[in-house]
Protein chains: 2
Amino acid sequence: MKHTTINDIARKLGISPSTVSRALSNHPDVKEETKKKVRNVAKELNYTPNQIAQSLKTKRTNAIGVIVPEIKHDFFSSAISGIEEVAYHSGYTIIVSQSNESFEREVVNTTALVQQRVAGLIVSISQSTKSGEHFQALIDRGIPLVFFDRVINELDVFKVIIDDKQSAFKAVMHLIERGYRKIAHLAGPRTLEICKARLEGYKEALSYAGIPFNEGFVIYGGMHENDGYVSMDKLIKNGTVPDAIFAVNDPVAVGAFQRIKEAGMKIPDEVGIVGFSNNKITTLVDPPLTTVDQPSFEMGKKAVEILINLIENPEKDIKPSVVVLDAELIVRKST
Amino acid sequence: MKHTTINDIARKLGISPSTVSRALSNHPDVKEETKKKVRNVAKELNYTPNQIAQSLKTKRTNAIGVIVPEIKHDFFSSAISGIEEVAYHSGYTIIVSQSNESFEREVVNTTALVQQRVAGLIVSISQSTKSGEHFQALIDRGIPLVFFDRVINELDVFKVIIDDKQSAFKAVMHLIERGYRKIAHLAGPRTLEICKARLEGYKEALSYAGIPFNEGFVIYGGMHENDGYVSMDKLIKNGTVPDAIFAVNDPVAVGAFQRIKEAGMKIPDEVGIVGFSNNKITTLVDPPLTTVDQPSFEMGKKAVEILINLIENPEKDIKPSVVVLDAELIVRKST
DNA sequence: TCATTTTCTGCAAACGTTTGCATAATTCGA
DNA sequence: TCGAATTATGCAAACGTTTGCAGAAAATGA
């Protein structure tokens, strides 16, 4: 009733399914005349190859699995856009799932993708992921895997990242050059390497500039706008108002930004603020935010390019490496 | 080398694959003791069912295809989030593709999804889609299809939308109540029904209020920020500066917003502005934008709920209907 | 004209499952 | 203790392809 098969075509033409198969894949063995007939009937009957059957036989799929913490997050959605873009042009399709920052869900998603026999996976881990066993299992089975942005250092796979520490260093140095001295850091979850690295960069810049590190100026929180708001609120309530903020990412920066405005403090005169990621919002707030341009779209593209290369060259086992993309500091009016 | 199969388990236990299959799916016919043994070996060998083979046999898949114009667009990425959320909890997986506003690519994506034998599709059409044949083909084959937001009126399928005309009407009436009289509309592509509807609502509000319709106050453009900027620029260059703007969506509103600021005009005193969609940015610009709250996340959820219902009840052929979700006007400081 | 080569087509097995049906193994009643 | 009823297992076909191999048909040469 539903889909026509190669057999329907064969029956209609009184030839064998094998010939039809070969005709459709333009095999040189089959006569041009037969090919034509087959193609016509195929069109006439609205034939679409059953990729499920093809995959079963050939043991290849053109599906790439993608797992991110949250699809709607600006950084990830544009990374996914980049992934889809390249995948599309290479004839791959992407299966997208989100972990919602939950470790369990990340594991479930991973096995779901394995069951679907995706050709490979691109992953940015959840903030509650403390173990990499589910990914190690992929590696053991020889399923190509590429991490981007949020990676697990211990695992020996390809990683597409930026130099978080160096970028953070540059951002904080910029604040220092602008004359800010009481610089607070709104940090992300301690579990994430990117957050650790950004914190490191912050500390290093302070020490480089001879500014003593003050534990009370590091406020840990999540990666969302609300976290930034809450963290800033804490600083204000504690009476330890800094003269500048380095936020772990843009949503956090924007949250802090709002709290600062509510407190009636002037940006950048009373408080300078630097974000991280170059989300679209940063250009739209007033004043626009200084931030680190994290090339989300390009990171997605790069990750999938690497993955496809791995998929299509299974024999030469390519040594995993860490690809570090450039991330520039974009200076705007908030500093 | 790669994946263990049911046969590996069978061989290891000296039983038949059929028994293993039944054991794993907890069939009552197989003895508890055998089940245990099977489960143990399955775990030991790291068995994951090959869903490709399962699908081929059962003729069912748990993949849902999603096609949107652009993944990174705020509205769509949060709709996709909603879709994934519900899909995940119902055991489905989503294959996401973007048309990039290209008709051809939309067609390619559609057939790619059909080849993968997705259980159903959720689509928001591209702005250059003028024909619905590729979707009609789905309907003819009995493949469940749900449109959301950007729909094709002529096709008899489920649609999840908001009342665009009514919402536009409310938005423009609000401007009128605020005292604005020279209201321009930055319209979207004439091909999209949502754009036509919003234009209609605009016209109707004017006529309702007895304000004569002025052709020169409708500027057609795309759906992006830059389009808003350009359209606003035209109005300014033409010397026909309105005292209020009703934009077809938020990005366009924000683009106009920036051009207005550049021109040194005060919002809302000299120019009022209303957007459409309630993108996150609208709360962050200064002043925050009045806009129509289009529940993207919920639209995604609703669409996939309908789709799953269609997928899981193929026998009772459910009559397609149009689901209209509520969209409230959110009044902020820009009007 | 017939043997030989070349060109084209079909048979059948395989991919990893599921499942109707047959049958082996076990349990039960008398 | 034996046949019947019950319980548990296996056989084999099927899902829609691909592909090695065999062999039919056509073309070639002498």
Side-chain angles (χ1 to χ4, degrees), chain A residues 1-39 41-42 45-63 111-112 114-119 141 143, chain B residues 1-39 41-42 45-63 111-112 114-119 141 143:
Chain A
M1 158 228 150
K2 273 192 177 170
H3 299 277
T4 43
T5 74
I6 228 174
N7 298 294
D8 299 327
I9 301 177
R11 208 171 314 121
K12 177 139 189 180
L13 284 169
I15 61 178
S16 85
S18 3
T19 304
V20 175
S21 171
R22 279 186 274 250
L24 289 171
S25 55
N26 204 23
H27 192 105
D29 271 5
V30 29
K31 185 159 55 173
E32 194 54 43
E33 193 195 331
T34 323
K35 284 185 186 171
K36 251 185 206 131
K37 278 195 267 180
V38 169
R39 281 195 276 254
V41 176
L45 298 183
N46 241 312
Y47 171 76
T48 14
N50 185 331
Q51 216 161 92
I52 308 256
Q54 290 184 149
S55 290
L56 182 60
K57 179 72 225 198
T58 63
K59 296 160 153 306
R60 270 184 279 103
T61 54
N62 60 350
T111 64
V114 172
Q115 289 191 195
Q116 301 202 49
R117 298 294 187 261
V118 291
R141 293 204 209 184
I143 301 172
Chain B
M1 161 228 150
K2 272 191 178 171
H3 298 277
T4 42
T5 76
I6 229 174
N7 298 295
D8 298 328
I9 301 178
R11 208 170 314 121
K12 176 138 190 180
L13 285 170
I15 61 179
S16 85
S18 2
T19 305
V20 175
S21 171
R22 278 186 275 250
L24 290 170
S25 56
N26 204 23
H27 192 105
D29 270 5
V30 29
K31 184 158 56 172
E32 193 53 41
E33 193 196 331
T34 321
K35 283 184 187 172
K36 255 188 202 127
K37 279 194 268 181
V38 169
R39 281 194 277 253
V41 176
L45 298 184
N46 243 311
Y47 171 75
T48 12
N50 184 331
Q51 216 162 90
I52 308 256
Q54 290 183 149
S55 289
L56 182 61
K57 180 71 224 200
T58 64
K59 294 161 153 307
R60 270 182 279 103
T61 54
N62 61 349
T111 63
V114 172
Q115 289 191 192
Q116 300 203 48
R117 299 293 187 260
V118 291
R141 295 204 208 183
I143 301 172

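Here is the naming used below: chain letters follow the sequence lines, and residue numbers restart at 1 for every chain.
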Atom-to-atom span, [atom1] of [X] to [atom2] of [N] - whole angstrom:
X: A/Asn26; N: D/dT18; atom1: CG; atom2: C1'; result: 16 Å
X: A/Gln115; N: C/dT17; atom1: CD; atom2: P; result: 10 Å
X: A/His27; N: D/dT19; atom1: NE2; atom2: P; result: 9 Å
X: B/Glu33; N: C/dA25; atom1: CD; atom2: C1'; result: 13 Å

Locate the shortest heavy-atom distance separating [X] from [Y]; write the atom from each residue and the value.
X: B/Leu24; Y: B/Tyr47; answer: CD1-CE2, 3.6 Å
X: A/Arg141; Y: B/Asn46; answer: NH2-O, 3.1 Å
X: A/Asn26; Y: A/Lys35; answer: OD1-NZ, 2.9 Å
X: A/Ala119; Y: A/Ile143; answer: O-CG2, 4.5 Å
X: B/Pro17; Y: B/Asn7; answer: CG-OD1, 3.2 Å

Using the rule given for side-chain contact (heavy atoms from CB on, under 4.5 Å), can you reason through B/Val114 versus A/His3, listing the C-alpha separation, both sets of side-chain angles and the distance that settles it, and then say yes or no?
CA-CA 10 Å; B/Val114 172; A/His3 299 277; 4.2 Å; yes
Nucleic acid footprint by protein, nucleotides 4-16 of chain D - heavy-atom cut-off 4.0 Å, B for base, S for sugar-phosphate alone
----BBBBB-BBB
Degree of bending in the helix from C/dT1-D/dA30 to C/dA30-D/dT1 once both end axes are built from five pairs, to 10°
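Rounded to the nearest 10 degrees, the bend comes out at 50°.
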Is the backbone of B/Arg117 close enough, under 3.5 Å, to the side chain of B/Thr61 for a donor and an acceptor to pair up by distance?
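Present.
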For the side chain of B/Lys12 and the backbone of B/Ala42, is there at least one donor-acceptor N/O pair under 3.5 Å apart?
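Pair absent, no side-chain N/O of B/Lys12 close to backbone of B/Ala42.
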